[in-house]
Protein chains: 2
Amino acid sequence: MSTYERSCKIRGDGGRAIRGILDRIGDKWTLLVVATLDGPPLRFSELQSRIPGISQRMLTRTVRHLERDGLVSRTVYAEVPPRVQYELTATGRTLIEPAVALADWAIDHNPEIERSQATYDTGTA
Amino acid sequence: MSTYERSCKIRGDGGRAIRGILDRIGDKWTLLVVATLDGPPLRFSELQSRIPGISQRMLTRTVRHLERDGLVSRTVYAEVPPRVQYELTATGRTLIEPAVALADWAIDHNPEIERSQATYDTGTA
DNA sequence: CGGTATCCCGGGAGATACTG
DNA sequence: CAGTATCTCCCGGGATACCG
């Protein structure tokens, strides 16, 4: 199967599939939260401390969205002080692989892309 | 190599790699333009007619960014009326594969995710 | 035909303060 | 500890009008 045929998967139905997934994971924090949860369950504060720069508000929003999508499970323990554990669901774990593929692509091609940008910006074309 | 080890690729250096690529392709149109250019070269108007809903302004912006990143080449023919052809570069074509992997994931898990959302929204937990 | 230039709006996202 | 509430700024992106 050529990439030409395969790329129809992206364009399919006017791009609704790709739009859906980008709405889901294309924001600033979602993939970082997912990657951080790849491993043992973490509490809210652990999650926050492992993701430099994320605000309490954005972490809350992000995990709520992920929970709604069924990619992350949230468990509240009735203790004082409260304890809440987050964990990837089985479905959530399946996202890791394509996400890593994308990260690999980024790492592999970053130098090249930055060179291209520098050339473009110089106007040297 | 476990996904646990691999997911470090995503988190690496505080997530700068993933942030970079999402800034690059995580917007509304970029991946659609790339997928549409997987195949023969297309002119501006052809590109626009194949991507339902994209405005002239956004198509221009998107192809300019892609050109700057070295993922798309832009060729102007000195004719009247003007003709401009867009085409994926070799680097641009390498992006198709991981992008398709992501699209596949979206297609595979969409039903499941929508079910989860429906349940969540009902409050049934 | 293949663009720019300009205006405008909605929502993503940070900072800060408060709460069960 | 693990959130919610509120305010605010910023910018992606659509609509429209004009240009070489």
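The sequence lines fix the lettering, A, B, ..., with proteins before strands; numbering per chain opens at 1.
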Exercise for review: Please determine if a side-chain N or O atom of R43(A) lies less than 4.0 Å away from the OP1 or OP2 oxygen of dA2(D).
Suggested key: yes
Check your understanding: Do we see a donor-acceptor contact under 3.5 Å between the side chains of E87(B) and T75(B)?
Key -> no
Point to revise | Nearest-Å distance for atom pair CD1/P, residues I54(B) and dA15(D) | key: 12 Å
Review point. In whole angstroms, how far is the C1' atom of dG10(C) from the CG atom of D27(A)?
Key: 17 Å
Exercise for review: Please check if any side-chain donor atom of H109(A) sits under 3.5 Å from a side-chain acceptor atom of T94(B), or the reverse.
Suggested key: yes
Review point. Counting side-chain heavy atoms from C-beta on, which of dA2(D), dG13(D), dG3(C) comes nearest to F44(B)?
Key: dG3(C)
Check your understanding: At under 4.0 Å, does any side-chain N or O of R61(A) touch on OP1 or OP2 of dA2(D)?
Key -> no
Review point. What's the CE-C1' distance between M58(B) and dC8(C), to the nearest Å?
Key: 15 Å
Exercise for review: Identify whether the distance between the nearest side-chain nitrogen and carboxylate oxygen of D38(A) and R6(B) falls below 4.0 Å.
Suggested key: no
Check your understanding: Whole Å only: how far is the CG atom of L22(A) from the P atom of dG12(D)?
Key -> 15 Å
Review point. If only side-chain N and O atoms of R64(B) are considered, is one of them under 4.0 Å from the OP1 or OP2 phosphate oxygen of dG3(C)?
Key: yes
Practice item. State whether the number of non-hydrogen atoms from other residues, nucleotides or ligands found under 6.0 Å of E67(B) atom CD is greater than 12. Key: yes
Check your understanding: Across the strands shown, which category fits Y86(A) at heavy-atom distances under 4.0 angstrom: base, sugar-phosphate, nothing?
Key -> sugar-phosphate
Point to revise | Sugar-phosphate only, base, or nothing, as touched by R57(A) at under 4.0 Å among non-hydrogen atoms | key: base
**Study point:** Nearest-angstrom distance from the residue atom CG of L47(A) to C1' of dA2(D)
**Key:** 12 Å
Point to revise | Option passing side chain to side chain contact (heavy atoms under 4.5 Å, CB included) with L37(B) (candidates L32(B), L88(B), L71(B)) | key: L88(B)
Practice item. Consider the side chain of P81(B), meaning its heavy atoms from C-beta on, and name the nucleotide among dA2(D), dC1(C), dG14(C) that approaches it most closely. Key: dC1(C)
Exercise for review: Take the protein atom CD of E79(B) and the nucleotide atom P of dG2(C), then report the distance between them rounded to whole Å.
Suggested key: 10 Å
Practice item. May I have the distance from L59(A) (atom CG) to dG12(C) (atom C1'), rounded to whole angstrom? Key: 16 Å
**Study point:** Side-chain N,O (T60(B)) to OP1/OP2 (dG3(C)) below 4.0 Å
**Key:** no
Practice item. Could you say whether W29(A) or V84(B) is positioned toward the 5' end of DNA chain C, judged by the nucleotide with the nearest heavy atom to each? Key: V84(B)
Revision key, fill the gap. Regarding the side chain of K28(A), the nearest nucleotide among dA13(C), dG2(C), dA2(D) is dA13(C)
Review point. Rounded to whole angstroms, how far apart are NE2 on H65(A) and P on dG12(C)?
Key: 8 Å
Review point. Reckon S55(A) has a side-chain N or O less than 4.0 Å from the OP1 or OP2 of dA15(C)?
Key: no
